[in-house]
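Read through the structure below, which is laid out as structure tokens, and then see the notes.
Computation of the quantities below employed the complete heavy-atom set of this structure, encompassing side-chain atoms and omitting hydrogens, waters and symmetry-equivalent molecules.
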Amino acid sequence: MILRSLRAAVAATASLAAVAGAMAVTAVPSTALADEGMWTFDNFPIQTVNQKYGTRLDQAWLDRLRLASVRIQGCSASFVSDEGLILTNWHCVVGCAQELSDAQKDYVKNGFTAGTREEEVQCPGQTAEVLTEITDVTDRVRAAGEGLEGAAFNAARQAAVNQIQTEACAGDTKFNCQVISLYRGGQYSLHKFRKYDDVRLVFAPENQAAFFGGDPDNFNFPRYALDAGFLRAYEDGKPVESPNFLKWSAEAPDEGDVTFVSGNPGSTSRLLTMSQLERLRDQQLPITLIQSSELRGRLLEYSLTGEEAKRVSFDPIFGLENSFKVYYGQQGALTDPAFMATKREAEQELRARVAADPSLVQQIGDPWAELDRVQDTARDLYLPYRQLEQAAGGGSQLYQMARAVVRASKAEMPADRRARLAAMLGEETPISTDMEEIRLRYWLSKTREYLTVDNPQVKAMLGRESPEALAERLIEGTRMTDADFRREAAGMTLEQLKAADPLLAFVAANDDAAKAIADRWAAEVNAPTARAAEKVAQARFAVYGTNQYPDATFSLRLSYGEVRGWTYRGVTVPPFTYIGGLYERATGSEPFNLAQAFADAESRVNKEVVYDFVSTNDIIGGNSGSPVVNAEGEVIGAAFDGNIHSLGGSFGYDGELNRTVTVSTAAITEALRNVYPNPRILEELGVE
């Protein structure tokens with residue numbers, strides 16, 4: 001989901017409180033209510049959906065959709081042919097396009113089209129994963145931590161998780177096995193994925209076609225965005241055979257048609273307790289918003305210094321704006337009194353139901369009080385934890401790679417894992433040293449500001465240097481920009497690293513302090529939170545049953561809904577936009593200037609084709625690129641955004657206002673015919 005644009009969010013400030021206040025927060029999650037829920041595939045309410053929408057879904061339908069759904073880095077996608085062709089969003093492949101670009105060829109600005117299979121280019125670090133198995137491992141994970149507290153609890157749980165994952169994959173590198181916590185620890189599931197490490201870019205439109213309207217249109221509707229891209233999974237140098245794929249529909253849906261979104265929503269917080277939400281509102285979100293905003297300003301200022309600066313900063317700014325709008329929406333919901341009152345009432349009802357059951361009280365105690373105490377500890381630890389560990393480096397790629405090398409040198413790492421680290425670090429990747437210096441300088445200055453000049457860790461980091469001078473010295477002097485050196489460094493001892501490179505020496509000198517605060521956070525915040533949250537989950541199951549959907553965890557989920565617009569404050573928004581509306585909306589000035597290909601193709605395109613549409617599906621960030629399918633299991637679009645009313649979707653859902661925004665396969669088909677002519681892809685999609 002594209003969640004960005006400070007300007008669009010600010011424009012919505014006046015209505016955000018009312019939006020958040022209207023958001024549904026139910027004490028008893030129920031499929032009988034609105035089209036709410038990001039459901040796991042092993043607990044999808046088939047019967048409810050079939051009754052409500054007259055569909056005939058069965059387990060075979062679910063299995064086909066699951067095996068055609070794909071998880072890529074930070075986004076969702078789907079196979080749309082039997083030769084590994086993958087549909088996702090443009091904004092999910094723009095990072096690849098930027099990494100493949102240089103000053104002479106700008107695939108972000110001008111788009112990318114592979115005319116042949118040989119011209120499809122590998123995206124550095126991209127993977128494609130298909131969920132093949134789901135196994136409940138709750139009892140095994142819980143048993144590992146019985147009777148333990150703090151660091152011992154964490155270590156035992158992690159050891160059990162590692163063992164489960166290792167046993168499930170049995171050393172086969174073609175699989176990725178991941179134990180996922182659901183319902184805030186109420187359940188643990190082993191997800192086994194078929195993994196593909198060779199993923200290549202096939203098609204991406206011009207950025208102005210995919211992101212037409214820019215910040216003002218973002219998180220709004222109507223939209224006129226071709227936010228679509230194609231990848232292809234390869235194995236052993238050949239396209240992957242993908243018999244489980246979604247049949248392509250070149251026809252747009254009708255209003256009222258049922259829709260399903262299969263993807264990997266990143267994170268929601270609908271099951272947090274009031275004390276957790278209040279700390280999020282009062283401490284974590286304000287700091288995150290302030291720092292994100294200031295960093296965005298610094299990067300925007302840099303982007304104005306030249307064409308190359310504008311090119312290399314495009315994707316980082318894009319991502320920052322995306323994140324900023326998420327946090328802005330979350331803060332808007334949590335500062336709305338009506339919304340928080342509704343959340344409080346729901347919690348009070350659950351606690352009253354628990355208190356009325358002595359056997360349940362004996363079983364779980366008072367986990368809400370436990371979580372209250374944890375928040376006091378978290379408030380004290382959060383700033384040093386954030387600055388020294390969680391946000392260390394300020395997003396600098398070089399810092400993150402240096403930290404990975406330093407920590408590997410201090411760990412007893414098997415030879416095969418060290419070899420994988422060396423191979424990963426040794427991949428060629430474009431690095432802008434200007435951007436690296438901006439990020440490192442910003443992080444150092446904010447750490448000094450937030451932890452104060454007299455803080456021992458700040459003194460150790462800066463010595464007698466300023467943040468600006470230190471960042472310049474480290475980035476200009478480091479050899480970590482060289483892939484061959486990074487590969488070599490992965491095999492060095494700690495003492496060798498300190499002597500070999502100033503950035504590595506800096507990280508090594510300060511990593512013990514970072515690790516110490518991380519260990520405290522894990523033992524004093526994460527461990528007791530996990531134990532108490534499990535008890536809250538048990539209470540919810542005991543009171544309301546298991547017919548509930550869990551919070552999002554970037555694991556595969558399925559939501560259901562229908563194509564439908566909405567009415568707000570007397571204004572009705574229709575569910576569709578049409579390609580002709582793009583030309584009407586264009587002004588010639590950024591961000592409402594036409595992409596060159598669309599301007600050139602105006603006489604050829606069918607302006608009656610549905611461009612984007614909205615539906616009542618419940619999604620969140622991470623769902624970007626998710627296939628939107630009809631009852632026949634055909635793909636009819638790729639989800640790429642939400643409307644303004646979904647800004648607080650982390651904490652609740654309102655079926656009357658929340659909408660998923662999707663680019664239609666009808667528009668993608670028209671673009672591949674007449675805007676970016678690509679008969680090769682159309683033929684593979686089975687489109688005449």
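For the pair Arg473 and Phe506, the cation-pi criterion (under 6.0 Å, within 45° of the ring axis) is not fulfilled. The cationic atom of Arg520 (NZ for Lys, CZ for Arg) does not lie both less than 6.0 Å from the six-membered ring centre of Tyr385 and within 45° of the ring axis. For the pair Arg298 and Tyr442, the NZ or CZ position fails the cation-pi test of under 6.0 Å to the six-membered ring centre and within 45 degrees of the ring normal.
Counting only heavy atoms from C-beta outward, the side chains of Gln457 and Pro384 never approach each other to under 4.5 Å. Within the 4.5 Å cutoff, the side chain of Arg184 has heavy atoms near those of the Leu272 side chain. In this structure the side chain of Gln283 reaches within 4.5 angstrom of the side chain of Arg379, judged on heavy atoms.
With 3.5 Å as the limit, one finds a donor-acceptor pair spanning the side chains of Tyr234 and Glu120. Using a 3.5 Å distance cut-off with no hydrogens or angles, the side chains of Thr268 and Asp551 do pair a donor with an acceptor. Glu99 and Thr429 form a side-chain donor-acceptor contact under 3.5 Å, judged by distance and modelled atom types alone. A donor-acceptor pair shorter than 3.5 Å can be found between the side chains of Asn162 and Gln158. Side-chain contact, Thr377 with Glu524: no donor N or O sits under 3.5 Å from an acceptor N or O. Between the side chains of Glu129 and Asn176, at least one donor N or O lies within less than 3.5 Å of an accepting N or O. Residues Asn623 and Ser626 bring a donor and an acceptor atom of their side chains to less than 3.5 Å of each other.
Gln73 CD: more than 12 foreign heavy atoms inside a 6.0 Å radius. The number of heavy atoms from other shown groups lying within 6.0 Å of NZ (Lys410) is above 12.
Taking a cutoff of 4.0 Å between a charged side-chain nitrogen and a carboxylate oxygen, Lys498 and Glu495 qualify as a salt bridge. Glu307 and Lys310 are not joined by a salt bridge, as no carboxylate oxygen comes within less than 4.0 angstrom of a charged side-chain nitrogen. By the 4.0 Å N-to-carboxylate-O rule, Arg403 lies close enough to Glu389 to be salt-bridged with it. The pair Asp197-Arg420 fails the salt-bridge criterion, with no side-chain N (NZ, NE, NH1 or NH2) lying under 4.0 Å from an Asp/Glu carboxylate O. Using a 4.0 Å cut-off between charged nitrogen and carboxylate oxygen, Asp482 and Arg486 do not count as a salt-bridge pair.
Contact detail for Val661 and Asn643: the closest heavy-atom pair is CG2-N, 4.1 Å. Annotation for Ala309 and Tyr302: closest pair CB-O, 3.4 Å, computed over non-hydrogen atoms. When all heavy atoms of Leu100 and Tyr107 are compared, the closest pair comes out as O-CE1, 3.6 Å.
A side-chain contact (heavy atoms from CB on, under 4.5 Å) with Arg386 is found for exactly one of Leu381, Ile287, Ile517, Leu451, namely Ile287.
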request  = Please step through side chain to side chain contact (heavy atoms under 4.5 Å, CB included) for the pair Val406 and Leu494, ending with a clear verdict.
outcome  = CA-CA 7 Å; Val406 167; Leu494 184 61; 4.1 Å; yes
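Two rings, from Phe318 and Trp90, have their centers less than 6.0 Å apart.
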